[in-house]
Amino acid sequence: MYTFDIERPATIAEAVNALGGETMPLSGGQTLIPTLKARLASPDKLVSLAGVSEMQGISLDGGILTIGGTTVHADVATNGSYPALSQLAANIGDPAVRNRGTIGGSIANNDPAACYPAAALASGATIVTNTREIAADDYFLGMFDTALEEGEIVTAVKFPIPEKANYQKFVQPASRFALVGVFVAKTSDGVRVAVTGASNEGVHRWNAAEDALAADFSAAALEGLTVSSDDMISDLHGSPEYRAHLVKVMTARAVSAAS
Amino acid sequence: MPKDDGIGAATVRREDVRFLTGAGQYTDDIKAYGETAAVFARSTVANGIIKSIDTTAAAAMPGVLAIFTGEDFVEVGGNPAGWLINSRDGTPMHEPKRPVLAHGKVRHVGDAYAAVIAETVEQAKNAAEAIEADIEELEAIVNMKDALAGSNFVHDEIGTNQCFDWGWIEDNREATDAAIKGAHHVTTLELVNNRLVPNAMEPRSSRAEYRAANDEYVLHTTSQNPHLTRLLISAFVLGIPENKLTVIAPDVGGGFGSKIYHYGEEALVLAAAKKLGRPVTWTADRSEAFLTDAHGRDHVTKIELALDEDGNFLAFRTETLANVGAYLSNFATATPTFLHGTLMAGNYTVPNVYVNVKAVFTNTAPVDAYRGAGRPEATYSLERVIDKAAREIGRDPIELRRQNFIKADQYPFASAAGLEYDSGNYDALMDQMEKVADVAGFAERRKASEAKGLLRGFGVNAYIEACGIAPSNLVGVLGSRVGLYDAATVRVNATGNLSVMVGAHSHGQGHETAFPQVVAEMLGIDAAAIDIVHGDTSKIPFGMGTYGSRSLAVCGSAVVRATEKVINKAKKIAAHMLEVSDGDIEFNDGQFSVAGTDKSVSFGDVALKAYIPHEFPLEDIEPGLEETAFYDPANFTYPSGAYCCEVELDPETGKVTVESMTAVDDFGNVINPMIVTGQVHGGLGQGIGQALLENTTYDENGQLLSASYMDYAMPRADDVPFYTVDHSQGNACTHNPLGVKGCGEAGAIGSPPTVVNAVIDAMQSGGKNVTHIDMPVTPHRVWSAMQNA
Ligand SMILES: Cc1cc2nc3c(=O)[nH]c(=O)nc-3n(C[C@H](O)[C@H](O)[C@H](O)COP(=O)(O)OP(=O)(O)OC[C@H]3O[C@@H](n4cnc5c(N)ncnc54)[C@H](O)[C@@H]3O)c2cc1C
């Protein structure tokens, strides 16, 4: 690591004040610390969000589950108000990662193989920041790219709890991130299907499946559909064709398992 | 007897207390006044000409004490190859120099061309980044076939990328060709034995101190064989006299072969410590481990099996390209040849075997012995082609193997690949395997899997391996430049406890528990009174260290011999104390007694007498009770086994899970069954890792794509099943005093073909005519194979 300073604000306002220039927010550090150790980033200062009490905790109000930005995966896993989301959180990384890594860090980082972005997009979640609320559809802009402005931080994520939902993750054998992950959520307004891990575009919705499932919420409804491999990722672990195939398989499994 | 901590007892490992409580002392834990840190500048290109290296800016950075480049080591020697292989035409192999730091050219990603010594690691890293190296990138040589065909050379001075072209046994070549030509049926298989990164939990680390007062060096290093490391540094690389260099391998967190070898970093810290007069430590980070530890396997093989109309094996013929990487690591040339070709008759009475191996230089990390070293490659080729043959001729894979097995009454058996197997009973192993694995119940289990939409496959494998490496006379004839004996000193202290100094090195194997069990049994005393000393050349006799499943078979035998000498001398002392002649003394359960009387003295009494030799017959007996023995075996040991496993395969995703794995091994006599079981468990995990997960991939530019755990999949607990391990079918080794056979590598040798055979069986049961799939059998590969079948 290169040397850096660290600041530990107690409020969102102090945190935002401390950011700017060559600074970076630090949440659970499960992504950022390995990056620093590999000397792939060299901030002058880290602003730790861990002590910002306004950003912690989970609350349920009128069918909306609000999760503070510094809430760790382990807390979401045991919460249970939104079972599909808890199950997703329970399968992120290992115990160390789940007890340090946070939803704000994950949503801000928007790794193309991360799990939470699929949940947020499929659930029609709202990303709350220090300045505004952003609909998930407008927030995820591509691999590692989001609508966040310089110095803007994710303070909470609001999930409307669907009637039925499920997340199916087919793991990349080494990292155990999603080689392909599909989150399906059914609400009174219809069905949303979000795919992570598969595409060069990052997390995205599969509209054709959403339409088919809105008419008939069953795995059988997907049978006639095909997934294009055009923009799919090609790497050591899978070809574009394989990923496209898995999108369909995982979607069908998520629909069958949705509860 | 058996006592609860003697031979045969499942004593818990005493060293685990220290390991599990964080009290181990590893190289990087050793600190003294004036510590400094070494960091290496490493090539980011696979092949390139070093045009210039400018260290001016780096040298001026905070904390920097010294910078070395290849220029500083031009005068010293290279890191040598330990085994000379001659090509089929009689010419010796090519041995390009392997310098301490790259000079002139860099030859693989990670090849070190400079080193910075600074007050702290971070300062050294900052300075290493500031070194300005002008390296002109050349086209990389990665693929072995291209390397042999092209005119672009890893080492320009040898004018070829072929290290050698070896035939075994050359005199059998014609007969083998003829047998294949005239055979009723020939099964051919082309396969890849995938390259593996060793991934010891503790990365390599070396720390040197120079003591000017006596012109002495002390090197702490992650080594499996400190004496060998010292010999290489002294005799070949730096020329430091052996008696001025102490090499200490303290606690070492796993090796799997990768820490047998001397590496340039060891020489560098020694040179730096002398220059600075301060201790210098280098510890690899995980990325350096991926890029620079000697890798394993990496064979591309074509094998043919010829059978007659009754299914009798007539011949095995193998052509292998073996990747040795950019430089010859110390045993790189032995692994694909004598540790591989000599095993190509397997467990079978086959009369004709011929093996051709071409070793190839590429712009990749050096490749050398890795757990099993050559024998996994042999077993994989044999047991895969036999499985394919069984399917082609419509025979049950177990029955076809049994038909061709060497039978229990045929030992000693001279194999067609040139070894003499001393003992074994492969049918008994197979019987036991069929029983404990409930092979008869497989059809039911397959139905249950199919009801869940999954395919189920059964895979079987029989292996024989040669380990307990090895008779010096034999390996000398075969080209080894070192001997392969081992040594032990048994020191009985005056108060009756013992220090046993051994040449073997324990880096996870449990010697500190198992070796005392042997001595305790022989002396009839408590094992707790016996301690093992290992890893320090200033304390132990010159043994050859630990690899090739040799510790107990070779070093343990030296311990037995030294303990016998102690008993003989102790009998003389006891005879003197009891005033009888030596011949009247019997030694049982720690008591020396006079036959037919109630007169006796204990082992402790004798020990004390040896060191307080009042009224001692000095003209007949020297004071003290300490003996050393060197032991050189008469042959390898030949463990063998019958393995099977069952896999479930998800046809929609291609994902394979190993549902059961049964390993029935013949390890001869077993000293500590718990440790043996643990060794097998570890080997099975490594074998399943190779079969399903571990995917070392270089791209066409020689960049390692799988250079971290984000892309290199190691087996984790939930990737492996609960194993069934059975060593009830032991046939004692006939030539070492303990009757033991090596058990350290068996699991990694026997499991990969077992898993792949099961995957093929699963795909076949799903109506897909896939006859081969290369390791690692990833979901993507399985799915692709099934799409195309
Ligand atoms: C071994 C391992 C396995 C993993 N497996 C998975 C997995 O299976 N699925 C998965 O989804 N993830 C996985 N992860 C990633 C894990 O979930 C991380 O915790 C997460 O991606 C980042 O969260 P963090 O709190 O650790 O963020 P940090 O590492 O602290 O920060 C990540 C980035 O986001 C920025 N940042 C942090 N918080 C905020 C904020 N509130 N507002 C704006 N920017 C912010 C930081 O500046 C940094 O750039 C794994 C990680 C590891 C180490």
Side-chain angles (χ1 to χ4, degrees), chain A residues 1-4 30-31 34-40 42 91 93-97 111-114 168-182 197-198 219 222-223 227 229 232-254 256, chain B residues 39 62-63 120-123 125-126 128-130 194 197 199 285-288 290 453 650-657 688-689 691-699 703-719 776-788:
Chain A
M1 280 188 216
Y2 301 104
T3 50
F4 54 83
Q30 296 304 293
T31 297
T35 309
L36 296 178
K37 280 184 161 175
R39 298 188 152 222
L40 296 173
S42 51
N91 287 301
D94 49 44
V97 170
D111 186 303
Q168 291 288 320
K169 171 180 175 183
F170 190 80
V171 299
Q172 192 258 56
S175 71
R176 294 198 175 175
F177 276 67
L179 186 71
V180 167
V182 177
L222 301 166
E223 265 162 26
V227 182
S229 60
M232 295 286 165
I233 295 169
S234 174
D235 65 12
L236 271 184
H237 311 285
S239 62
E241 294 71 29
Y242 182 53
R243 282 189 162 85
H245 166 78
L246 284 179
V247 168
K248 189 168 162 182
V249 172
M250 291 299 123
T251 306
R253 289 184 182 184
S256 299
Chain B
V39 164
T120 70
V121 176
E122 294 302 326
Q123 288 173 335
K125 282 189 180 174
N126 291 341
E129 283 176 2
N194 44 325
V197 178
N199 280 307
D285 60 27
R286 189 55 65 183
S287 303
E288 285 180 293
F290 268 99
D650 179 344
E652 278 190 320
T653 63
K655 169 115 178 122
V656 171
T657 54
I688 291 172
L692 296 183
L693 296 163
E694 298 185 43
N695 192 0
T696 311
T697 305
Y698 284 94
D699 72 8
Q703 295 292 335
L704 183 60
L705 298 180
S706 50
S708 81
Y709 293 133
M710 292 302 279
D711 286 300
Y712 190 93
M714 291 292 285
R716 283 173 259 202
D718 62 355
D719 289 315
V777 181
T778 61
H780 178 215
R781 284 191 179 164
V782 172
W783 179 79
S784 303
M786 291 179 74
Q787 290 304 106
N788 300 330

Trainee: At what distance, to the nearest 0.5 angstrom, does CG of B:N199 lie from CD of B:E694?
Mentor: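 Rounded to the nearest 0.5 Å, the CG-CD separation comes to 6.5 Å.
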
Trainee: Quick one: what part of A:L236 sits under 4.5 Å from any heavy atom of chain B, side chain, backbone, both or neither?
Mentor: both

Trainee: Supply the atom-to-atom distance B:Y712 OH to A:S175 OG, rounded to the nearest 0.5 angstrom.
Mentor: 15.5 Å

Trainee: Could you tell me which portion of A:R243 (side chain, backbone, both or neither) has an atom closer than 4.5 angstrom to a non-hydrogen atom of chain B?
Mentor: neither

Trainee: With a 4.5 angstrom heavy-atom cut-off, could you sort out which part of B:S706 is near chain A: side chain, backbone, both or neither?
Mentor: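 For B:S706, heavy atoms of backbone and side chain both lie under 4.5 Å from chain A.
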
Trainee: For B:N126, is it the side chain, the backbone, both or neither that has a heavy atom under 4.5 Å from a heavy atom of chain A?
Mentor: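 Backbone plus side chain of B:N126, per the 4.5 Å heavy-atom cut-off to chain A.
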
Trainee: Which bit of B:E129 is near chain A, if near means a heavy-atom gap under 4.5 Å: side chain, backbone, both or neither?
Mentor: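 The answer is the side chain of B:E129.
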
Trainee: Using a 4.5 Å cut-off on heavy atoms from C-beta on, say whether the side chain of A:K37 contacts that of B:D285.
Mentor: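 Side-chain contact under 4.5 Å: no.
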
Trainee: Under a 4.0 Å threshold between the charged nitrogen and the carboxylate oxygen, would A:K248 count as salt-bridged to B:E652?
Mentor: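 Salt bridge between B:E652 and A:K248, a charged N being under 4.0 Å from a carboxylate O: no.
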
Trainee: Quick one: what part of A:S239 sits under 4.5 Å from any heavy atom of chain B, side chain, backbone, both or neither?
Mentor: both

Trainee: Is A:Y242 in contact with chain B via its backbone, its side chain, both, or neither, using a 4.5 Å heavy-atom distance?
Mentor: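 Backbone plus side chain of A:Y242, per the 4.5 Å heavy-atom cut-off to chain B.
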
Trainee: Measure the spacing between NZ of B:K655 and OG1 of B:T778 and express it to the nearest 0.5 Å.
Mentor: 10.5 Å

Trainee: Quick check on the interface: out of B:Q787, B:R286, B:R781, B:M710, who has the most heavy-atom pairs with chain A under 4.5 Å?
Mentor: B:M710

Trainee: Side chains of B:K125 and B:T120, heavy atoms from C-beta outward: is any pair under 4.5 Å?
Mentor: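 Not in contact.
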
Trainee: So which of B:N695, B:L692, B:V121, B:D711 has the largest heavy-atom pair count under 4.5 angstrom toward chain A?
Mentor: B:D711

Trainee: Heavy-atom cut-off 4.5 Å, strictly under: side chain, backbone, both or neither for B:T653 against chain A?
Mentor: both

Trainee: Considering only heavy atoms from C-beta outward, does the side chain of A:S229 approach that of A:E241 to under 4.5 Å?
Mentor: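 The answer is yes, as the side chains (C-beta and beyond) meet within the 4.5 Å cut-off.
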
Trainee: Is any side-chain heavy atom of B:V197 closer than 4.5 Å to a side-chain heavy atom of B:M714?
Mentor: no

Trainee: Does any backbone or side-chain atom of B:P776 lie under 4.5 Å from a heavy atom of chain A? Answer side chain, backbone, both or neither.
Mentor: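 For B:P776, there is no contact with chain A at all, as no heavy atom is under 4.5 Å.
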
Trainee: For the candidates A:H237, A:R176, A:R253, which exhibits the highest count of non-hydrogen atom pairs separated by less than 4.5 Å from chain B?
Mentor: A:R176

